[in-house]
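Okay, so here's the structure we're looking at.
Just so you know, ligand 1 is whichever comes first in the structure, and atom 1 is the first atom listed for that ligand. Everything numeric here is computed off the predicted structure, so don't read it as measured data.
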Amino acid sequence: MAPNVPAHDDALYNSHASSSFLLSHHRPSTPRRTPPPSHHAQQQHPCHMDSSQLVAHDQFFTQGAEMLPLVDLGLLCHADKAEVQKLVMAVKEWGFFEVANSGVPLKLLSEIEEQVSHVFALPLEAKTRAEPAAGSFHGYLTKSSGEDGKMLQLSEALRLPLNPQHRSDMIIQFWPEGNEAFSSVVEKYIAAVDTVLLQLLKSLALGLGLDPLQFTRNLSNDANFSALRMNIYPASSQSSPTLGLVAHSDASILTILHQSSVAGLQIRKDEKWIAIKPRLGFFVVNVGDMLQVMSNDLFPSVVHRVVKNNNKCRSSVAFIKVTHPEFIVGPVPELVSQQQRTSPYHPFTAEEYYTSMTSHGLLDGKSNLDRFRISPTVEHQRITHLQRKSTIQV
Ligand code: OGA
Ligand code: NI
């Protein structure tokens, strides 16, 4: 497909029952890009930072744009059996799915997009004040390069803690006088998306015949890795790398992604990269490494990446939730007996998982989870070898 997916295409108006449900509740609105208030006058728009010599990167879009399986959160909230089964099948088969009728207003989605563009438009010195402290995952991150100095990806990200106090401490690093609009949109967004995440995890547990709270019980907003990650990917240019974000799997239980209307997300399926078409108002949700282990590999944590668009800036917001650090991540015992298959991983705590991730860095694919495999695969050995050569923080 062409890399430039039209903004907010007609997919919203497809015949899926849940789309019409969504439309009847939320009138679509065009995301606003209002200029920041006057005290942010020195801001430069991040989408303008890399606009020279545009070239096409059509080769990345090897597959046509795909529609992921779509589930209706309204039906899941009512424990609709067919919808719960549809969710479970989608997750087993794809590890990724889309959520319609999430209850999160389109207005809030457009407001969060607007705040993402404000924060990345701040002067570099304001952003670098918020670079992660030693041992922390939170803060402002930018370009990653390999050991040989070769740049592999280009993006900016801000990981805001889910812990409210830590979050307001971080916001002050960006705006010493505070920023009420930013804070209140972020608060509302986190509360709304957290509700979506909890419902999805309950439905997944229900669909597997487990205690509905099985996957939610040990989650923690205080965990160092639980975050709202804002991403911005400038338009591509000849001199810049073609990847916005290198291939990786997520460390989370589930990640809930809101993407802007600009395409770029690709997922690895059946040995191919598949481009995922943005659809207004639908979240893209994926299984993270922790849920893969807890589900005893029933739900795959699928590798994905972001390729850059040749002339448009992409932004996204990923809601990432993990367990508290001491929680031992292992398969749910009922699943082990149902499947009569023991876990392929050594049990590990969430803390050990992150320590391993930071000490090795990420290069490609599921390298961190593979480190906990009881019998390392050939692929794992290859990745470990490559990792000695390069360190990338995703
Ligand atoms: C991530 C991620 C995808 C995107 O933040 O982990 O995969 O489209 N983001 O920004
Ligand atoms: Ni990701």
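Contacts between Gln259 and ligand 1 below 4.0 angstrom, taking non-hydrogen atoms only, are absent altogether. Of all the heavy atoms of Thr255, none lies under 4.0 Å from any atom of ligand 1, so neither backbone nor side chain is involved.
The cationic group of Arg159 lies under 6.0 Å from the six-membered ring centre of Phe225 and within 45° of the ring axis, placing it in a cation-pi geometry.
Near Val306, meaning under 4.0 Å from any of its heavy atoms, are these atoms of ligand 1: 3 (C), 4 (C), 8 (O), 10 (O). Close contacts of ligand 1 with Arg229, meaning ligand atoms under 4.0 Å from a residue heavy atom, involve 5 (O). Ligand-side atoms of ligand 1 in range of Leu245: 1 (C), 2 (C), 7 (O), 9 (N), range being under 4.0 angstrom from any heavy atom. Of all atoms in ligand 1, numbered sequentially from 1 with element shown, those under 4.0 Å from a heavy atom of Asp250 are 6 (O). Listed by number with element, the atoms of ligand 1 under 4.0 Å from a non-hydrogen atom of Arg314 are 4 (C), 8 (O). Close contacts of ligand 1 with Asn231, meaning ligand atoms under 4.0 Å from a residue heavy atom, involve 5 (O), 9 (N), 10 (O). Less than 4.0 angstrom separates some heavy atom of His304 from each of these atoms of ligand 1: 7 (O).
Not less than 6.0 angstrom separates the ring centroid of His166 from the ring centroid of His138.
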Side chains of residues 195-202: which donor-acceptor partners sit under 3.5 Å, not counting sequence neighbours?
unit_1 : atom_1 : unit_2 : atom_2 : d
Thr195 : OG1    : Ala191 : O      : 2.9
Gln199 : NE2    : Leu76  : O      : 3.4
Gln199 : NE2    : Ser203 : OG     : 3.2

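Ion pairing between Glu125 and Arg129 fails under the 4.0 Å rule for side-chain N and carboxylate O. Salt-bridge formation is not detected for the pair Lys86/Asp72: no Lys NZ or Arg NE/NH1/NH2 atom is positioned less than 4.0 Å from an Asp or Glu carboxylate oxygen.
Residue Asp250 approaches the Ni ion (ligand 2) most closely through its N/O/S atom OD1.
Not a single heavy atom of Arg305 sits less than 4.0 Å from an atom of ligand 1.
Every residue two or more places apart in sequence or in another chain was checked for a side-chain contact (heavy atoms from CB on, under 4.5 Å) with Lys81, and none qualifies.
One N or O on the side chain of Asn296 and one on the backbone of Arg341 form a donor-acceptor pair closer than 3.5 Å.
Between NE2 of His304 and NE2 of His248, the angle at the Ni ion (ligand 2) works out to 90°, rounded to 10 degrees.
Ring geometry, Tyr353 versus Phe372: the interplanar angle falls under 30°, so the pair is classed parallel (tilted spans 30 to 60°).
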